[in-house]
Amino acid sequence: MRLQDRYFTFVINFLLGIVWGFVFIGAFGAVYSFNDSDIFSIIISVLVGILPGMIGVIIIEHIIINKEKLSELKKQTKLLEQLLDNKINSPK
């Protein structure tokens with residue numbers, strides 16, 4: 001991840017690791033709790049088990065993407081302001 005704020009990056013990576021852990025725990029827990037059922041029930045229970053963790057992953061990835069987009073927009077705005085200043089201050 002290429003975010004500028006070091007502490008924010010640490011927190012986001014930590015939370016991302018936690019929600020991926022929830023995904024794996026949900027999947028393995030579903031498999032072991034329904035191991036005497038048929039394969040269709042196991043697959044459905046795994047999908048239901050990983051759903052909360054995957055929602056968390058999607059939310060955190062959305063935060064990361066928006067933060068990167070904001071950083072890029074700030075860079076573009078700074079460059080556009082410099083170009084505008086150069087155009088206004090240049091002799092005609």
Side-chain angles (χ1 to χ4, degrees):
M1 179 180 334
R2 299 160 290 188
L3 297 177
Q4 301 297 325
D5 188 10
R6 190 172 147 196
Y7 299 111
F8 183 72
T9 303
F10 174 76
V11 170
I12 289 293
N13 282 331
F14 183 74
L15 291 175
L16 195 58
I18 289 173
V19 294
W20 273 113
F22 284 143
V23 168
F24 290 122
I25 289 171
F28 291 131
V31 167
Y32 286 121
S33 64
F34 289 99
N35 61 356
D36 57 347
S37 301
D38 58 343
I39 190 74
F40 182 73
S41 297
I42 293 173
I43 292 172
I44 296 298
S45 66
V46 166
L47 291 176
V48 170
I50 67 171
L51 191 62
M54 289 306 294
I55 290 172
V57 168
I58 290 170
I59 289 171
I60 291 177
E61 288 292 335
H62 181 71
I63 291 170
I64 292 169
I65 289 171
N66 281 338
K67 200 69 166 152
E68 287 178 348
K69 189 186 300 184
L70 178 65
S71 174
E72 287 297 319
L73 286 173
K74 285 182 180 179
K75 288 178 188 175
Q76 289 176 6
T77 303
K78 184 178 177 183
L79 289 172
L80 286 172
E81 287 173 351
Q82 288 176 353
L83 285 173
L84 185 62
D85 287 342
N86 288 341
K87 184 178 181 181
I88 290 173
N89 295 332
S90 67
K92 294 183 178 182

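FYI, the numbering just counts along the sequence from 1.
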Do [X] and [Y] belong to the same hydrophobic cluster, where Ile, Leu, Val, Met, Phe, Trp and Tyr are linked whenever their side-chain heavy atoms lie under 4.5 Å apart, directly or via other members?
| X | Y | value |
| --- | --- | --- |
| V19 | V11 | yes |
| I59 | V57 | yes |
| I55 | L15 | yes |

Next on the checklist: For a side-chain contact (heavy atoms from CB on, under 4.5 Å) check, start with the C-alpha distance between I43 and I39, then their side-chain angles and the critical distance, and finish with the verdict.
Outcome noted: CA-CA 6 Å; I43 292 172; I39 190 74; 4.0 Å; yes
Rounded distance (nearest 0.5 Å) linking atom [atom1] of [X] with atom [atom2] of [Y]:
| X | Y | atom1 | atom2 | value |
| --- | --- | --- | --- | --- |
| I64 | I60 | CD1 | CD1 | 7.0 Å |
| W20 | I25 | CH2 | CD1 | 13.5 Å |
| I65 | K67 | CD1 | NZ | 14.5 Å |
| D36 | F34 | CG | CZ | 9.0 Å |
| Q76 | L79 | CD | CG | 8.0 Å |
| E68 | L70 | CD | CG | 11.0 Å |

Item to check | E72 and K75 ion-paired at < 4.0 Å | outcome: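 Between K75 and E72 there is a salt bridge, with a charged N closer than 4.0 Å to a carboxylate O.
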Between [X] and [Y], which heavy-atom pair has the shortest distance, and what is it?
| X | Y | result |
| --- | --- | --- |
| S37 | S41 | CB-CB, 3.8 Å |
| L16 | E61 | CD2-OE2, 3.5 Å |
| A30 | S45 | CB-O, 3.3 Å |
| F8 | I63 | CZ-CG2, 3.9 Å |
| G53 | F22 | CA-CB, 4.4 Å |
| V46 | V31 | CG2-CG2, 3.4 Å |

Next on the checklist: Would K69 and N66 count as a side-chain contact (heavy atoms from CB on, under 4.5 Å) here? Give the steps.
Outcome noted: CA-CA 5 Å; K69 189 186 300 184; N66 281 338; 4.1 Å; yes
